[in-house]
**Q** 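Please read through the structure below; I'll follow up with questions.
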Protein chains: 2
Amino acid sequence: MPKAARKTHPARAAQQPLERLEALCLERGQRLTRQRRAVLRQLLVEGRALSAYELLERLRPEDGRSTPAGVYRALEFLMQAGVVHRLESTRSFILCEHPEAPHTGQLLICRGCGEVVEAEDERVSAATGRLGEQLGFSLDQRVVELTGLCGRCRTQHAAQAQ
Amino acid sequence: MPKAARKTHPARAAQQPLERLEALCLERGQRLTRQRRAVLRQLLVEGRALSAYELLERLRPEDGRSTPAGVYRALEFLMQAGVVHRLESTRSFILCEHPEAPHTGQLLICRGCGEVVEAEDERVSAATGRLGEQLGFSLDQRVVELTGLCGRCRTQHAAQAQ
DNA sequence: GCGGCAAGTGATACATTGTATCATTTGTCG
DNA sequence: CGACAAATGATACAATGTATCACTTGCCGC
Ligand SMILES: [Zn+2]
Ligand SMILES: [Zn+2]
Ligand SMILES: [Zn+2]
Ligand SMILES: [Zn+2]
């Protein structure tokens, strides 16, 4: 499975969020501060989902004044901006893979290796939207988190069982 | 909107979980104990999602020895049995509305009144299943939680805005 | 520059949610 | 009854998330 089919290229991944953030800050009179950049960068270099406290651990060495509240505030900002997603089922946070526009996606989580793949599946979006309508809900948040084993982990698992 | 279209009748709702639980206990050599019944009953009488600690508060008066661990253990058991669901996005627990068989459903959560409606939408299930296949995942858990305003709350909201 | 203002941070303390451990009790079966 | 697994009680703790308020920072108009 070619990685490019699922993942944004790292160089672009690094650039796009910054662009979005700068635009958003201008628009709303907000600031793209040191702390917010630091959290974003950490999620980028790690390349996987991290809990708020894992982020804190990694930020402390370079900024001893980081606090839980600070990290959560930065994450809140980044989520509002649409460049970070929260994984409800693992209480962690991950960089958005499609930050070019705000969106409602789906997250697939491998319980073997922890990899998270972000999808934007039209059928799923349509189906959940229609379900909301049917039941008279006006939706403003859609959490779709699918957990299982990715292809790589499944073959490994099968190999070990023999 | 007729309630019967969405909700199992209370009398049945009370009966079905017990049947399922008794069957499951026989099958696995487990016990349907006082504590497990108490948690189930509390979720039933409350008729809405409760956090583990809200449950604990309500159980303490009638059983002063309840502990967090005990409540979580009971909830774990009830979830395994398929008669209770956990809402990841609100960290709470709710009685299953369709306990006749284990299933992967969708939960719609009203942020106005807290009502939770459980759906079993074939299109959503199919779409998420197909998405998993496409990305090479073998899924074993599907969290679909859609948050918004229910019809009632939306009309109230609109009325207040005037 | 500089005073005023909103946005953001630091520091502290606290609230909520979830687990680990181990001794004890309870139910079941022979 | 006695043995055994299932379940609980008790305690302590880990992990996750927020409230508050004084202080700082950047920006804007003067
Ligand atoms: Zn995204
Ligand atoms: Zn994997
Ligand atoms: Zn259900
Ligand atoms: Zn409502």
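Order of the sequence lines sets the chain letters (A, B, ...), proteins ahead of strands, with each chain counted from 1. Heavy atoms only: backbone and side chains are in, while hydrogens, waters and symmetry mates are out.
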**Q** Please give, in whole Å, the distance from dG18(C) C1' to Leu55(B) CG?
**A** 14 Å
**Q** Looking only at side-chain atoms of Gln35(B), point me to the closest of dT19(C), dA19(D), dT8(D).
**A** dT8(D)
**Q** Can the ring centres of His85(A) and His103(A) be said to be less than 6.0 Å apart?
**A** yes
**Q** Would you tell me if any nitrogen or oxygen in the side chain of Thr33(B) comes within less than 4.0 Å of OP1 or OP2 on dT8(D)?
**A** yes
**Q** Could you state the atom-to-atom distance from CG of Leu75(B) to P of dT8(D) in whole Å?
**A** 12 Å
**Q** Calculate the interatomic distance between Gln80(B) atom CD and dA6(D) atom P; express it in whole Å.
**A** 14 Å
**Q** Quick one: does any side-chain atom of Arg154(B) pair with a main-chain N or O of Gly136(A) as donor and acceptor, under 3.5 Å?
**A** yes
**Q** From the options dG17(D), dG18(C), dA7(D), select the nucleotide whose nearest atom is closest to the side chain of Ala52(A).
**A** dG17(D)
**Q** Whole-Å distance between dT16(D) P and Tyr72(A) OH?
**A** 7 Å
**Q** Any side-chain heavy-atom pair from Thr128(B) and Gln106(A) closer than 4.5 angstrom?
**A** no
**Q** Please confirm whether the shortest side-chain N or O distance from Thr67(B) to OP1 or OP2 of dG9(D) is below 4.0 Å.
**A** no
**Q** Of the candidate nucleotides dG18(C), dG9(D), dA7(D), which contains the atom at the shortest distance from the side chain of Tyr53(B)?
**A** dG18(C)
**Q** How close or far is atom P of dT24(D) from atom CZ of Arg34(A), stated in whole angstroms?
**A** 14 Å
**Q** Just by modelled atom types, is the Ser66(A) backbone N or O under 3.5 Å from a matching donor or acceptor in the Arg60(A) side chain?
**A** yes
**Q** Taking donor-acceptor contacts at under 3.5 Å, does the side chain of Arg73(B) reach the base of dG9(D)?
**A** yes
**Q** Nearest whole angstrom, please: distance from the P of dG9(D) to the CG of Leu59(B).
**A** 11 Å
**Q** With respect to the side chain of Asp63(A), which nucleotide from dT19(C), dA11(C), dG10(C) is positioned closest?
**A** dG10(C)
**Q** Answer with yes or no whether Arg31(B) presents, from its side chain, a donor or acceptor under 3.5 Å of a partner atom in the base of dT26(C).
**A** yes
**Q** On DNA chain C, does the nearest nucleotide to Gly64(A) precede the nearest nucleotide to Phe93(B) from the 5' side, or the other way round? Give the residue.
**A** Gly64(A)
**Q** Take Arg65(B) and Arg86(B), find for each the nucleotide of DNA chain C with the closest heavy atom, and name the residue whose nucleotide sits nearer the 5' end.
**A** Arg86(B)
**Q** Treating Arg58(B) as the side-chain partner and Glu54(B) as the backbone partner, does any N or O pair qualify as donor plus acceptor under 3.5 Å?
**A** yes
**Q** The side chain of Arg36(B) lies closest to which of these nucleotides: dT8(D), dG8(C), dG18(C)?
**A** dT8(D)
**Q** Given that Arg91(A) and Pro68(B) both sit by DNA chain D, which one's nearest nucleotide is further toward the 5' end?
**A** Pro68(B)
**Q** Would you confirm whether Glu145(B), through its side chain, and Ile109(B), through its main-chain N or O, come within 3.5 Å as a donor-acceptor pair?
**A** no
**Q** What is the distance, to the nearest angstrom, from the CG atom on Leu32(A) to the P atom on dG8(C)?
**A** 10 Å
**Q** Which whole-number value in Å describes the distance from Glu76(A) CD to dT18(D) P?
**A** 8 Å
**Q** How is Ser66(B) classified with respect to the nucleic acid when contacts are heavy atoms under 4.0 Å: base, sugar-phosphate, or nothing?
**A** nothing
